[in-house]
S.K.: 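The structure is given below, and queries will be raised subsequently.
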Amino acid sequence: MAEREDNIISTKEITLHMGPQHPSSHGVLHLVIDMQGERVMHVEPDIGYLHRGTEKIAENLLYHQFVPYTDRLDYMCAMSNNLAYVTAVEKLIGIEITERAKFIRVVSAELSRIAGHLLGLGAWAVDLGAMTVLLYAVREREIILDIFEQLCGARMTLSYLRVGGVRYDFTQGCKDACSELVKIMPARLDEYETLLTGNRIWIDRNKGVGVISAGDAANLGLSGPSLRASGVKWDIRKDEPYLVYDRLYFDVPTGENGDSFDRYMVRMNEMRQSLRIIEQALRDMPDGPFNVDIPEICPPPKPDVYKNMEALIHHFKYVSSGFKAPKGEVYSAIESPKGELGVYIVSDGSEKPYRLKLRVPSFMNLQSINHMSKGRYFADVISVLSSLDPVFGECDK
Amino acid sequence: MTAQEILKKVKDNFRHSVLEAALFRNEATVLVDKNVLRAVCNYLKTDPDMQMNYFVDCLGVDYHPAAPRFEVVYHFYSIPKKHRIRVKVKIGEGESVPTVTDMWSAANWPEREAYDMFGIVFEGHPNMKRIYLADDWEGFPMRKDYPLRGYKDRYNPFGEDKE
């Protein structure tokens, strides 16, 4: 690094604006890059082009009405966002969901992790010129989206999880589709690896690029695969287990060098671990109800409404006024594909959150882009940005 | 350490400055005096039993029309010890909070966001400007007295009229 610093030939400093409409900026990201020739001196991300005020909207909605808005955060893996939100609300009202719902949630969260990583990987590869990988990754992502469609009718904006459980049962058909995925996916992952891992261009563009030490990464607020690539073994699924992750066997892959290549390897291995988790969760999934038996929180099924007076009342109450949550404040975090996705809710005892704060990993991870790309070539900014895998629905909230 | 132990340790160390300590759903929350915020943060970061080396988040909460109006909430996590704590300070309108960006670089953007949304100024912050909204935006949209649909102007015909 020191040698490289010395090599900079001082010329007139130029400022380059990359984005907000740039094919490799992964959305509406605007980077203001100060450069000396090809060398990057400073990168200043300018975000907010997709800011919709989600938190303000949440303050004006009933607890259960906010679930569809979470789909629009990290739209590459909507299930994880649903999970983070409903877990926080359940923690606030203090209910325990059924055993079956826990397993269904684990399977859906891991499916969406694979879907998110696949698109992150595909976009990254196409940014660095490997078009094929994107096509292959999207092909496999399609299988997962088909499973989602079978599960809840939607492919991207799922809203499958609800406070107190899930919206529809996990049918045998879905189970078979997941088993099929678990069977074919490892070979497909190997296929990507043959295209990338040993590829000289891929190695040149990623090895030793965007290096960040473990200390710096933690200090800058990196989380998820990007932090683990620097050798920090911190995974919320292991360290503060939620759902049934403490009963499933999986490893937490970590890197050593903290460069873009390690971030790639960590994501690859994470997908393999997710498949392991799905396989076990499918095997251990018990029968039984998939919603809690509290009609105020989970209204009875719609057909009952026409026959049963009480069911009708519960339905009416749920839709018109929602349910109240006790006064207090909770913070609940899950390990989303991008990192720690946390939801902080302040409740004043009414049926709407008084304040809802989303701690979104893309936002926090993006802070480190200056640290990672300073002193390097401009082309490395693309690799660094892709390796952070930001999604702007989430970053801009 | 469990949440109770964390609370007890912080209370013992900052006896007169911890205004409130609460345990809800097994989460430790301390409300501290604004003047000791940096001392508390430094303690949480450096104490060998605490080691809160990871800055999770920082945000504002508006309790309009109560006084003092705002609360600034910090979440910290310790990667080696695997425990969390929430630290809060209360400030009035127009008051500022000392920054913690020199202790955790991660605080940079969340503090800017709190400024952007609530107008809470963090003293000593290296780059205290708006992060999401345009630089010439008027008002702070997450405040409770800011209308949900914003104010009426040529781009926003559905907004509320400014009085």
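Letters A, B, ... mirror the listed sequences (proteins, then strands); counts begin at 1. Note that the structure is predicted; figures quoted are calculated from it, not measured. Excluded from the calculations below are hydrogen atoms, water molecules and symmetry mates; all remaining heavy atoms, backbone and side chain alike, are included.
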S.K.: Where is the tightest heavy-atom contact between A:Ile95 and A:Gly164, given as atom of each residue plus distance?
M.R.: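 Minimum heavy-atom contact is CD1-CA, 4.0 Å.
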S.K.: Heavy-atom pairs under 4.5 Å with chain B: which of A:Val346, A:Leu222, A:Val232 has the most?
M.R.: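 Most heavy-atom pairs within the cutoff with chain B belong to A:Leu222.
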S.K.: Give every donor-acceptor pair between chain B and chain A closer than 3.5 Å, one pair per line, or write none.
M.R.:
unit_1: B:Arg25; atom_1: NE; unit_2: A:Lys91; atom_2: O; d: 2.7
unit_1: B:Arg25; atom_1: NE; unit_2: A:Leu92; atom_2: O; d: 3.1
unit_1: B:Arg25; atom_1: NH2; unit_2: A:Leu92; atom_2: O; d: 2.7
unit_1: B:Glu27; atom_1: OE1; unit_2: A:Tyr331; atom_2: N; d: 3.0
unit_1: B:Glu27; atom_1: OE2; unit_2: A:Lys91; atom_2: NZ; d: 2.4
unit_1: B:Glu27; atom_1: OE2; unit_2: A:Tyr331; atom_2: N; d: 3.1
unit_1: B:Tyr54; atom_1: OH; unit_2: A:Gly221; atom_2: O; d: 2.8
unit_1: B:Tyr54; atom_1: OH; unit_2: A:Leu222; atom_2: O; d: 3.0
unit_1: B:Tyr54; atom_1: OH; unit_2: A:Arg359; atom_2: NH2; d: 2.9
unit_1: B:Val56; atom_1: O; unit_2: A:Arg359; atom_2: NE; d: 2.9
unit_1: B:Asp57; atom_1: OD1; unit_2: A:Lys357; atom_2: NZ; d: 3.4
unit_1: B:Asp57; atom_1: OD2; unit_2: A:Lys357; atom_2: NZ; d: 3.0
unit_1: B:Gly60; atom_1: O; unit_2: A:Arg355; atom_2: NE; d: 2.6
unit_1: B:Gly60; atom_1: O; unit_2: A:Arg355; atom_2: NH2; d: 3.2
unit_1: B:Asp62; atom_1: O; unit_2: A:Tyr354; atom_2: OH; d: 2.6
unit_1: B:Tyr77; atom_1: OH; unit_2: A:Trp234; atom_2: NE1; d: 3.2
unit_1: B:Lys82; atom_1: NZ; unit_2: A:Asp239; atom_2: OD1; d: 3.4
unit_1: B:Arg84; atom_1: NE; unit_2: A:Glu240; atom_2: OE1; d: 3.4
unit_1: B:Arg84; atom_1: NE; unit_2: A:Glu240; atom_2: OE2; d: 2.9
unit_1: B:Arg84; atom_1: NH1; unit_2: A:Glu340; atom_2: OE2; d: 3.1
unit_1: B:Arg84; atom_1: NH2; unit_2: A:Glu240; atom_2: OE1; d: 2.9
unit_1: B:Arg84; atom_1: NH2; unit_2: A:Glu340; atom_2: OE2; d: 3.3
unit_1: B:Arg86; atom_1: NH2; unit_2: A:Glu329; atom_2: O; d: 3.3
unit_1: B:Lys88; atom_1: NZ; unit_2: A:Glu329; atom_2: OE1; d: 3.4
unit_1: B:Lys88; atom_1: NZ; unit_2: A:Glu329; atom_2: OE2; d: 2.6
unit_1: B:Ser105; atom_1: N; unit_2: A:Asn219; atom_2: O; d: 3.4
unit_1: B:Ser105; atom_1: N; unit_2: A:Asn219; atom_2: OD1; d: 3.2
unit_1: B:Ser105; atom_1: OG; unit_2: A:Asn219; atom_2: ND2; d: 3.0
unit_1: B:Ala106; atom_1: N; unit_2: A:Asn219; atom_2: O; d: 2.9
unit_1: B:Ala106; atom_1: O; unit_2: A:Gln367; atom_2: NE2; d: 3.0
unit_1: B:Trp109; atom_1: N; unit_2: A:Gln367; atom_2: OE1; d: 3.2
unit_1: B:Glu113; atom_1: OE2; unit_2: A:Lys397; atom_2: NZ; d: 2.8
unit_1: B:Tyr132; atom_1: OH; unit_2: A:Cys395; atom_2: O; d: 2.6
unit_1: B:Pro141; atom_1: O; unit_2: A:Lys56; atom_2: NZ; d: 3.0
unit_1: B:Arg143; atom_1: O; unit_2: A:Lys56; atom_2: NZ; d: 2.9
unit_1: B:Lys144; atom_1: NZ; unit_2: A:Glu59; atom_2: OE1; d: 3.2
unit_1: B:Lys144; atom_1: NZ; unit_2: A:Tyr354; atom_2: O; d: 2.8
unit_1: B:Tyr146; atom_1: O; unit_2: A:Lys56; atom_2: NZ; d: 2.8

S.K.: Pick one of side chain, backbone, both or neither for B:Met117, based on which atoms fall under 4.5 Å of a heavy atom in chain A.
M.R.: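 For B:Met117, side-chain heavy atoms alone lie under 4.5 Å from chain A.
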S.K.: Select one option (side chain, backbone, both, neither) describing which atoms of A:Leu227 are under 4.5 Å from chain B's heavy atoms.
M.R.: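 The side chain, not the backbone.
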S.K.: By a 4.5 Å heavy-atom criterion (distance strictly below it), what part of B:Pro110 contacts chain A: side chain, backbone, both, or neither?
M.R.: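 Its backbone and side chain both get close to chain A.
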S.K.: Once side chain to side chain donor-acceptor pair (under 3.5 Å) is applied, do any residues pair with B:Asp153, and if so which ones, sequence neighbours excluded?
M.R.: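 With neighbours one apart ignored, the set is empty.
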S.K.: Taking C-beta and beyond as the side chain, do B:Val32 and B:Leu19 meet within less than 4.5 Å on heavy atoms?
M.R.: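 No, every pair of side-chain atoms sits at 4.5 Å or beyond.
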S.K.: Determine whether B:Leu31 and B:Val18 make a side-chain contact, defined as any pair of heavy atoms from C-beta on separated by less than 4.5 Å.
M.R.: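 No. Closest side-chain heavy atoms not under 4.5 Å.
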S.K.: Any side-chain heavy-atom pair from A:Ile334 and A:Ile236 closer than 4.5 angstrom?
M.R.: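 No - every pair of side-chain heavy atoms lies 4.5 Å or more apart.
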S.K.: May I ask you to test the A:Val86-A:Val67 pair for a side-chain heavy-atom distance under 4.5 Å?
M.R.: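 Yes, at least one pair of side-chain atoms sits under 4.5 Å.
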S.K.: With only heavy atoms counted, which part of B:Val73 is less than 4.5 Å from chain A, the side chain, the backbone, both or neither?
M.R.: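 Side chain only.
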S.K.: With a 4.5 angstrom heavy-atom cut-off, which part of B:Ile79 approaches chain A: side chain, backbone, both or neither?
M.R.: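 It is the side chain, since no backbone atom gets that close.
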S.K.: Between A:Val330 and A:Ala88, what is the shortest heavy-atom contact and its length?
M.R.: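 Minimum heavy-atom contact is CG2-O, 3.7 Å.
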S.K.: Would you say that B:Leu37 contacts B:Val97 through its side chain, given a criterion of any heavy-atom pair below 4.5 Å between the two side chains?
M.R.: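 Contact flag for B:Leu37/B:Val97 side chains = yes.
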S.K.: Can you tell if the side chain of A:Leu29 reaches within under 4.5 Å of the side chain of A:Pro45, non-hydrogen atoms only?
M.R.: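 Result yes, sub-4.5 Å side-chain heavy-atom pair found.
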